[in-house]
Number of protein chains: 2
Amino acid sequence: MSDTMSRFPVTPPTLADVAERAGVSRQTVSNAVNNPDLLREDTLLRVQRAIAELGYLPNRAARNLRTRASHLIGLPIKAAEEGTANAAMDRFVHSLVDSSREAGYHVLLFSGTRTGKAEDELPAYDDLLRSTAVDAFVVTDTYLGNPQAAWLNDRRAPFVAFGRPWNDPEARHPWVDVDGAAGGDMATSHLVERGHHRIAWIGWRKDSLLGEDRRAGWSRAMRSRDIPTAGLASRVEDTVASGREASAVLLDEARPTAFVCASDTLAMGVLHTLADRGLRAGHDIAVTGFDDSQVAQTVPPGLTSVRLPLEQVAIEVVRALEGLLGAPPSVAPGVLLTPTLVVRGSS
Amino acid sequence: MSDTMSRFPVTPPTLADVAERAGVSRQTVSNAVNNPDLLREDTLLRVQRAIAELGYLPNRAARNLRTRASHLIGLPIKAAEEGTANAAMDRFVHSLVDSSREAGYHVLLFSGTRTGKAEDELPAYDDLLRSTAVDAFVVTDTYLGNPQAAWLNDRRAPFVAFGRPWNDPEARHPWVDVDGAAGGDMATSHLVERGHHRIAWIGWRKDSLLGEDRRAGWSRAMRSRDIPTAGLASRVEDTVASGREASAVLLDEARPTAFVCASDTLAMGVLHTLADRGLRAGHDIAVTGFDDSQVAQTVPPGLTSVRLPLEQVAIEVVRALEGLLGAPPSVAPGVLLTPTLVVRGSS
DNA sequence: CGCATGCTCTGGATCGTTCCAAGACAGGGT
DNA sequence: ACCCTGTCTTGGAACGATCCAGAGCATGCG
């Protein structure tokens, strides 16, 4: 078991070890690693051979100390809410880890407290920043009133947001977001093409600007076809129970033939109501969700859902991060991506 | 906005700054932080005041360099498989982050390659280890033939496994696992109490020792009550489609009144078959899953599922990690926790 | 009074890397 | 021959913390 990845009995080799072996100075080895074009070709080859032979890899702590950078990106994680369908962050995190690595960064997870209140996370950000544990942050919830973005801005801490700065037109930080209105429009238009006219909307409460964005897609799609929307919209909490109740009321009062929901969680609530009444999703009543969660993918008969391009979001986030930390100051403050619709049995 | 968390215009204060302000040497400040009982009480107070006034926090890179430790724990993340119900790792990760923090560690995410093959991850482990980027690893898949555990053992790299070392009785590394047999037993016994006798098992292929463990609980529960199991078991891939086919075949050939599944994913497959045939879960046929995923929590009419104590697993993992990295060598090589059964409408 | 003892505190060295300024060397123009 | 320019390489200093050995200073004992 002694391949290229050799074992180190005591301590890993250092820059000095490589330098001695290659017959050059420490700095030359450092240059070979970080600025190869500064070396003459034969010197470079000699050093690279020594590096390979010894299995040298720079010590992170030393490098971090000298360069005043940790090459780590802090990612706060929220408590995953039980009973909701929204574990989609998985895809985002995975892609973020991958694209970060290609940019020379690793992802550090942290959480504030167990309370889940946004304010309680600030000390955690502060500690990481002050102890130079991370170079930048990725924040994922920029809902109205979320203090993190403002706080980080005030601190001049580098960060990229997944989500538009809804509340602050003055914000100058880079952000990446998904066009929720486009998603709502796609789902609604799809249902119209399937022959539906009485299409109901179940979304979040009005103070959720993300929810209002998605809802705008629904009303835009309806209005552009001159389909009336009166009495067909409902705004509730993002829980299965709320979706269940809202859909029951709507069925009784407005007789829709299809539901467009602001989340898979709400859509699952609709499926509950349909099951209660012996109706079949996709047969008697059409339903679409949002987020393309694993629930949407596995529930019978399959839930049509708007899929967010989370992989692409992560790539853009890292791109923005590089612009923030590297030399070239990025010009684009924000990037807006378009989701896709995954059609399944429920519509 | 100038509270305790002051802003640093240029660079954060260092040990030397605190020392000067408190009128002591650097080393004394260091001791005040790391070994407070070495200082006289009044000196300690004086230093602590200076620390608070300056908002001092030790520079991680410098500390890491000197102590030859990163205070980071590496956690490999797998590509979340689309179309399966198993996003339960969320709970584990969150709890791991929390308990790590209490132990003075942070969690660093990494992934090998996009290929998803286990072997391809080894270089990633190797890099992190050689560059002293992490102090230890937490590995989560210890299925038969998984090379990581053996490789890490061979490297003498500190790590804790979530999952028993099925394949290697010689393994001496600490591990934490959940008693799958107990879970299978609980689900089966629950169904027996509900009056079922013809209870079928849908599990994974025989080379999955985790699956065999869970299956053992089913057969134990059946056997202890002298209920025959012949023809009632099926072993397939862990996909919705497989669960769907397997349950269809079992229904035709063995006429079970209940299904115990090795995963929520398979259980969803059963729900598909029931929907296909106009049967109602929990009414005509009972179904139980495994993992208590968000799918189980939200699908109508609610999927009864075995819930793994992932929060507790993470706590035990960190405890083992502390034993591994700190002074006291832990005595217990392994910890086995018991799951619980969450009963919902499907049974 | 001398000296050992224990408690506090200090200054220098060190971890492994990169920054900085300058040295060595070869080639080209006058 | 001379100097100058540019390429390539070098040694010393620095990043900010902890380790180590020892200094200062009471106290206690013979």
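This is a predicted model, so every value here is computed, not measured. Lettering follows sequence order; numbering is per chain, from 1.
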Roughly, in whole Å, what's the span from [atom1] in [X] to [atom2] in [N]?
X	N	atom1	atom2	answer
A:Leu65	C:dC19	CG	P	12 Å
B:Asn64	C:dC15	CG	C1'	11 Å
B:His71	D:dA17	NE2	P	13 Å
A:Leu57	C:dG16	CG	P	14 Å
A:Asn31	D:dT7	CG	P	15 Å
B:Gln27	D:dG24	CD	C1'	16 Å
B:Leu45	C:dT8	CG	C1'	15 Å
B:Asp17	D:dG16	CG	C1'	10 Å

OP1 or OP2 of [N] sitting under 4.0 Å from any side-chain N/O of [X]?
X	N	value
B:Thr43	C:dC9	yes
A:Arg68	C:dC19	no
B:Ser25	C:dT10	yes
B:Ser30	D:dT18	yes

No-H, no-angle donor-acceptor pair, B:Arg40 side chain to C:dT8 base, under 3.5 Å: no
Check: C:dT18 base within 3.5 Å donor-acceptor of A:Arg66 side chain: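 Such a pair is found, so the answer is yes.
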Heavy atoms of other groups near B:Gln312 CD, more than 12 under 6.0 Å: yes
Non-hydrogen atoms of A:Ala22 and A:Ala50 that approach each other most closely: CB-CB, 3.8 Å
Taking every non-hydrogen atom, the tightest pair across A:Leu122 and A:Gln148: CD2-CG, 4.0 Å
Base, sugar-phosphate alone, or nothing: which one does [X] contact when heavy atoms must sit under 4.0 Å apart?
X	result
B:Asn34	sugar-phosphate
A:Arg26	base
A:Thr28	base

Listed nucleotide nearest any side-chain atom of A:Leu39, set C:dC9, D:dT9, D:dT10: D:dT9
Salt bridge flag under 4.0 Å for residues A:Arg319 and A:Glu322: no
Residue mapping more 5' on DNA chain D - nearest nucleotide basis, A:Glu41 or B:Ala61: A:Glu41
Aromatic plane relationship, A:Tyr125 with A:Phe110 - under 30° parallel, 30 to 60° tilted, over 60° perpendicular: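 Ring orientation, 0 to 90° scale: perpendicular.
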